[in-house]
Amino acid sequence: MVDSIADGIVRSETRSPLVILSPSRADLIVRAAQAGLRLAIVSDERSRLTEPLRSALAGGGGRWIVRGPSGLRDGLTGRALASLVAAFDDPVGGSPGSPDTLRLDRPLQTQLVVSMSLRHRADDEARVGGAVEAFAALSGSFPAGWAPHEPVDRPWDPATLTAFARERMPNDSRLVVAGSPDHPVSGTITVSRTRHGVEEIDEVLVGVGRPGTAAADAAVAAVPEVLAALAEPGQMLPLFVFVGMRTGSPDLSTGPFLAPGVQPLALLFGATTVRDLKLDPGSLRGPFVVRVVGRPRTPSIVIGFPGATAHGWSALLAFVDEIGIERVRDLLGLDFADPRWQQLREF
């Protein structure tokens, strides 16, 4: 899979229409990072990345480089690049995009963008994947399957998934989850053993229908109720959940052209996070809606924002300012001043 190694960069060329997180490509991402090298997957404009590959590549510090009529550009940001080295010189990828990036990608599916941090007790009753099920159900069905890599070849079963992760501990497990063409779901579940128990990090896209349809609108409206249900007492302890919305490709893949940015819909701060941030839900004021959920004595909060409008980010940042951006960064590791958050907001 390696076409060249130069200037500390591993170049891996592909012409596949859909570039997936295959076992060999996942191994390449890990080995490049272990060797202190930077990975550049290079394609033409006909290639698209699955969400698990996009996430793994970004997590490993790699780049997707597209070779188009105007030269090289960052496949995720559209930034023009003078060379492969330039892709790693600038955190947002280089200079402004060239004309061949200015048309929109395929906005045919309303997508929920879900990022979750959860905790489980380290006992035989622990089951990972339940929160993914809750959001996947908004597509009309549970996920179809899971696997360590793509293509996904194992039927969806949280018990089997949990057993697989448990057998690999104390090593972390990063697992791929997928839906079906009629009920699209795509993303990853990462399971780790920590001193607090079993930590689960979910990064998932859920397709809920064509923009403007009753099905899509109903799924978006149901997000606060799903978050409230996650906060109910049980085996799973949510720490933090972010849910946003965007439009994109029906198969949830990422293309090499501009796409509408993510609009925040809601956050869930679990009881542990509310306690550690010393939040008083009754004192929070701003252009957002605060709902107390979970146990009365150890509450969680759901924070709603003006959905599907340009004001959503302003409301979210107003909420972060209200509780303190440094406190959020130190406790949750979320730096809203980071360029990656800015990229989510860009159109």
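Here, residue 1 is the first one in the sequence, and each next residue gets the next number.
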Could you tell me whether the side chain of [X] and the main chain of [Y] form a donor-acceptor pair under 3.5 Å?
| X | Y | value |
| --- | --- | --- |
| R25 | I29 | no |
| D7 | I9 | no |
| R48 | S253 | yes |
| R63 | A87 | yes |
| E51 | L252 | no |

Exercise: do [X] and [Y] side chains pair donor with acceptor under 3.5 Å:
| X | Y | answer |
| --- | --- | --- |
| T162 | R127 | no |
| E203 | T188 | no |
| R174 | S55 | yes |
| T254 | R54 | no |

(Q) Taking the six-membered ring of F257 as reference, does the cationic atom of R73 (NZ for Lys, CZ for Arg) lie under 6.0 Å from its centre and within 45° of its axis? (A)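 Positive - R73 is close enough to the ring of F257 and near enough to its axis.
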Residues 180-187, side-chain donor-acceptor partners within the protein, below 3.5 Å, at least two apart:
residue: S180; atom: OG; partner: H183; partner atom: N; Å: 3.2
residue: H183; atom: ND1; partner: S139; partner atom: O; Å: 2.9

(Q) Could you tell me if the side chain of T247 sits less than 4.5 Å from the side chain of L108, heavy atoms only? (A)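 Not in contact.
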Q. Where does the angle between the aromatic ring planes of F288 and F305 fall among parallel (under 30°), tilted (30 to 60°) and perpendicular (over 60°)?
A.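 F288 vs F305 ring planes: perpendicular.
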Q) Counting only heavy atoms not in D124, do more than 12 sit closer than 6.0 Å to its CG atom? A)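 Count not over threshold, so no.
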Q) Which one of R193, R121, R119 satisfies the salt bridge (charged side-chain N to carboxylate O under 4.0 Å, His left out) criterion with E199? A)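 The salt bridge (charged side-chain N to carboxylate O under 4.0 Å, His left out) with E199 is passed solely by R119 among R193, R121, R119.
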Q: Test T110 against every option in D217, V206, T213, V208 by the side-chain contact (heavy atoms from CB on, under 4.5 Å) rule and name the one that passes.
A: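 Result: among D217, V206, T213, V208, V208 is the only option passing the side-chain contact (heavy atoms from CB on, under 4.5 Å) with T110.
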